[in-house]
Amino acid sequence: MPIKVSVVIPVYNPGRYIEDCIASLLRQSLPDDEYEAIFVNDGSTDGTPERLDRLAAEYPHMHVIHQEPSGWSGKPRNAGIAAARGEFIQFVDNDDWLGDEALERMYNYGVENGADVIVGKMAGKGRPVPRELFRKNRPHANVENAPLIDSLTPHKMFRKAFLDKHNLRYMEGRRRLEDHVFVAEAYLRAENVAVLSDYLCYYHVKRDDASNAGFQRFDSVGYFKNLREALDVVEELTEPGPLRDRLFRRWLRNEMVERMRGQRLLKLPADYRQELFDEIHKVVVERFGPGVAAGLPPTHQIVAGLIAADRLADVEEFARWESGIKPSGVLEHLGWDNGGLTIGFTAEYKSGGEPVAFRADGEKDLLVPPLPQAGLDAIALLGADTSAPLGKSRVDLVVRERATAAEFFQPVEFTREKVAVAGREGYFRQVLHATSRVDPLSAANGAGLDAGIWDVLIRITSCGWTKETRLGSVRGEKAGGERAAAVVGSPAHLVLPYWTDPHGNLSLDVDQKTNRIAYEFAGLTAADVTVTTGPDRLTVALPFHVRGESEAALRLTNAATGRSVDLSGTLTARVTGEAELRAGLPLGELVGGQWRLELILPPAGAGKPVALPLALDVSASGGAVVKSLAAAAADLAAKDPGRRRPASRPAKPTFLRRVAGRLRRALKK
């Protein structure tokens, strides 16, 4: 078979961090004879060369190239390109890893859409990754119709013939931003770029020891010299005008303004802060016309204006103010509706615990930064806009899987409200009122949520701030009244919204990744269970939501003998909004015993039995009565007092104690 994809991995002293990368390559769904991995060892001294040689000896599609240390990733990536036999080349760093189906999905998506470059959805494990780019699939993207310029890391798939046609190679030597130069040129020369957002393809990882090359303190003079090379590529391949300004804006925003904001700036040593500022000031003055900064949000424009005016002290003062601005949210409503979880909330920005205030000036809304008049005058002279575009404020709701950091935007409807600030005439705050619907069967960009713990966050975008916070710790009076588990889909999945401990934030447990479901049934009483005869049947009213009809089961365990009987049943929705489980009851097999009840919920075959605080007492004549566990235990002790164990033998925990223990452990998660 021809090789579809060559994966190129530059390697330098990764130690144990390379193991996740190797494991993900070996797990790929693409057949082994349709892809290859090329590890280019750039002079490692940590035992990795021997590890890679053993790997290549064991797996024919794993290859190793050893070379003298070059100092950075450009030369080993170029060596991998030269050796690659695949139709496409995927670049992976030795600290990172791929989703199990990444190569197959990206290859098929690229071929289907005739793409020269395929960008797969990324998750950041301690590292920032683009978000707006991955809101949806983009089969035909370019720098004009999609925010491609936000993603300039090399971790993408490129058609090899395209790279060869344009002689696209990485700059070599010890340098920064060689990936920016390479990827920017690829975007501008590509016939088509395809963005795959409905599958998590790439995990971008920050090492525990923070020794990734990109996390090291850099030489600011060399860094911005290399940045100018990326700007040169854009100048070569675009005409002066709005598109070039928009592309340049990415470097002004990410590599310059963001380094001069909030705690990111204030944490730097004073001497290095000045050095960095000086180099940024040079680039801003030399390379960027007025149209570049003009397209930034107002807070970014203020910082860019102060940089251009060479006013570091004012930049620092603005950073101190911005560092105190935090997003906040109040959960107002939570409940299930036809298989979807409706989440109502309000959101706004706060500073020092108080809402951020804006000032009305006629028809304009203004930011109120604590800058001296000289600084404000300098900004005005440069034409920076300090108005607050509150009509563009928005809020998003995001679900993020805790183990993988996979995240997905959910549909949100919201309104904006101006609320007067008491005692301050002309000042107001902005509150966003929002409702989102999370459908577990389509919440992952059209696919269902995988089993896991999904944290719920809100992200507020306003005036140049985009910040996120967990939702749920602050709740309105009605927010928790309809919180309940739900069984949705076919095959069925169990979804449990719950409050985290100790902060009380909202998370979703999909398919019992915690033991918290037991807590949902702690309040069941004998009145919630009905036993009928002719036909013999047991019906349990359960406090959760069901969409349609689903299978479930009950396990009955004899308290005296430990013998178990599993009963298949059907879950249906009740008019009251609860669920009802009905199961046939073989009373003939159960006579003369007390039977503890455990619920087995979807997914079928994988659900963990959940203890119910109830027992079924079946008399010798076949009569059946449901009792609480405490009452059942008392009856059992009264009938057989001889069952008490000798004092020399420690009594095993009662079933009731075990249930209580499970609940305590669940609450700690």
Side-chain angles (χ1 to χ4, degrees), residues 72-74 117 119 127-133 142-144 146-156 170-171 175-190 193 204 213-215 217-262 264-265 268 273 275-310 315 382 384 464 466:
W72 214 251
S73 300
V117 184
V119 185
R127 303 189 70 159
V129 296
R131 286 164 172 160
E132 291 297 322
L133 180 61
N142 56 53
V143 293
E144 296 188 64
L148 289 175
I149 201 67
D150 289 349
S151 180
L152 291 177
T153 62
H155 314 120
K156 299 162 179 62
Y170 291 90
M171 291 184 170
R175 60 186 305 111
R176 295 275 182 168
L177 304 181
E178 81 291 341
D179 48 353
H180 286 206
V181 176
F182 181 91
V183 176
E185 183 172 355
Y187 284 158
L188 290 168
R189 293 193 183 279
V193 180
H204 199 26
F215 279 89
R217 175 169 165 169
F218 58 82
D219 164 38
S220 56
V221 175
Y223 186 90
F224 289 102
K225 177 184 177 182
N226 296 152
L227 185 145
R228 289 177 175 88
E229 294 167 341
L231 303 181
D232 291 342
V233 168
V234 175
E235 284 191 345
E236 178 189 350
L237 298 175
T238 64
E239 296 295 327
L243 175 60
R244 180 184 291 180
D245 287 346
R246 181 153 58 86
L247 297 179
F248 275 179
R249 197 171 298 138
R250 184 262 178 231
W251 282 278
L252 175 60
R253 181 186 65 240
N254 288 36
E255 307 300 331
M256 301 179 208
V257 169
E258 286 296 342
R259 296 182 187 279
M260 296 285 111
R261 296 181 72 193
R264 187 172 183 184
L265 172 68
L268 297 176
R273 192 186 304 175
E275 175 188 317
L276 193 61
F277 178 85
D278 290 342
E279 292 304 315
I280 291 174
H281 169 72
K282 291 176 186 176
V283 178
V284 170
V285 172
E286 292 171 6
R287 301 298 294 265
F288 298 145
V292 179
L296 292 172
T299 50
H300 292 70
Q301 284 197 42
I302 290 172
V303 177
L306 292 172
I307 292 170
D310 201 13
V315 170
L382 291 163
T466 298

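- With salt bridges taken as basic N to acidic carboxylate O contacts below 4.0 Å, one links Glu185 and Arg189.
- A side-chain donor-acceptor contact under 3.5 Å links Arg228 to the backbone of Phe224.
- Annotation for Val183 and Thr153: closest pair CG2-O, 3.6 Å, computed over non-hydrogen atoms.
- Arg246 places a side-chain N or O within donor-acceptor distance of the main-chain N or O of Val143, the cut-off being under 3.5 Å.
- Using a 4.0 Å cut-off between charged side-chain N and carboxylate O, Lys225 and Glu279 make no salt bridge.
- The two residues His300 and Gly464 make their nearest non-hydrogen contact at CE1-O, 2.9 Å.
- Listed for the His281 side chain is a donor-acceptor partner under 3.5 Å among the backbone atoms of Ile307.
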* Asked: What do the steps show when you test Asp232 against Arg287 for salt bridge (charged side-chain N to carboxylate O under 4.0 Å, His left out), and what is the final call?
  -> CA-CA 10 Å; Asp232 291 342; Arg287 301 298 294 265; 2.9 Å; yes

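- Within 6.0 Å of atom CD in Glu286, more than 12 heavy atoms from other residues, nucleotides or ligands are found, so the atom counts as buried in its surroundings.
- To the nearest 0.5 Å, the span separating CD on Glu229 from CG on Leu177 amounts to 9.0 Å.
- Between Leu265 atom CG and Glu258 atom CD the span is 11.5 Å, to the nearest 0.5 Å.
- In this structure, the side chain of Arg176 does not engage the main chain of Gly222 through any donor-acceptor pair within 3.5 Å.
- For Met260 against Phe277, the heavy-atom pair with the smallest separation is SD-CD1, 3.7 Å.
- Taking the side chain as every heavy atom from C-beta outward, Tyr187 and Val119 approach each other to under 4.5 Å.
- Annotation: the span from Arg175 atom CZ to Phe218 atom CZ amounts to 15.0 Å, rounded to 0.5 Å.
- For Asp278 and Arg273, the salt-bridge test fails: no basic side-chain N is under 4.0 Å from an acidic carboxylate O.
- Across all non-hydrogen atoms, the minimal contact from Ala304 to Leu296 is CB-CD1, 4.3 Å.
- Separation of atoms CD (Glu144) and CG (Leu247) is listed at 8.5 Å; rounding is to 0.5 Å.
- In terms of modelled atom types and a separation under 3.5 Å, the side chain of Arg127 and the main chain of His204 share no donor-acceptor contact.
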* To do: Would you check, one step at a time, whether the test salt bridge (charged side-chain N to carboxylate O under 4.0 Å, His left out) holds for Arg253 with Asp150?
  => CA-CA 10 Å; Arg253 181 186 65 240; Asp150 289 349; 3.0 Å; yes

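- Within the 4.5 Å cutoff, side-chain heavy atoms of Leu268 are placed close to those of Leu276.
- Among all heavy-atom pairs drawn from Ala293 and Gln301, the shortest one is O-CG, 3.3 Å.
- A 4.5 Å side-chain heavy-atom check between Leu148 and Val193 finds at least one atom pair inside the cut-off.
- Residue Asn254 holds its CG atom at 8.5 Å from CG of Leu152, rounded to the nearest 0.5 Å.
- Between Phe182 and Tyr170, the ring planes lie parallel to each other; the angle is under 30°, not in the 30° to 60° tilted range.
- Panel note: side chain Arg259, backbone Glu255; a donor-acceptor pair is recorded below 3.5 Å.
- A donor-acceptor distance shorter than 3.5 angstrom exists from the side chain of Arg249 to the backbone of Gly291, with no hydrogens or angles considered.
- Note that CG of Leu227 and OG of Ser220 are 12.0 Å apart. Values are rounded to the nearest 0.5 Å.
- Looking at Arg250 and Asp245, no side-chain N of the basic residue comes within less than 4.0 Å of a carboxylate O on the acidic one, giving no salt bridge.
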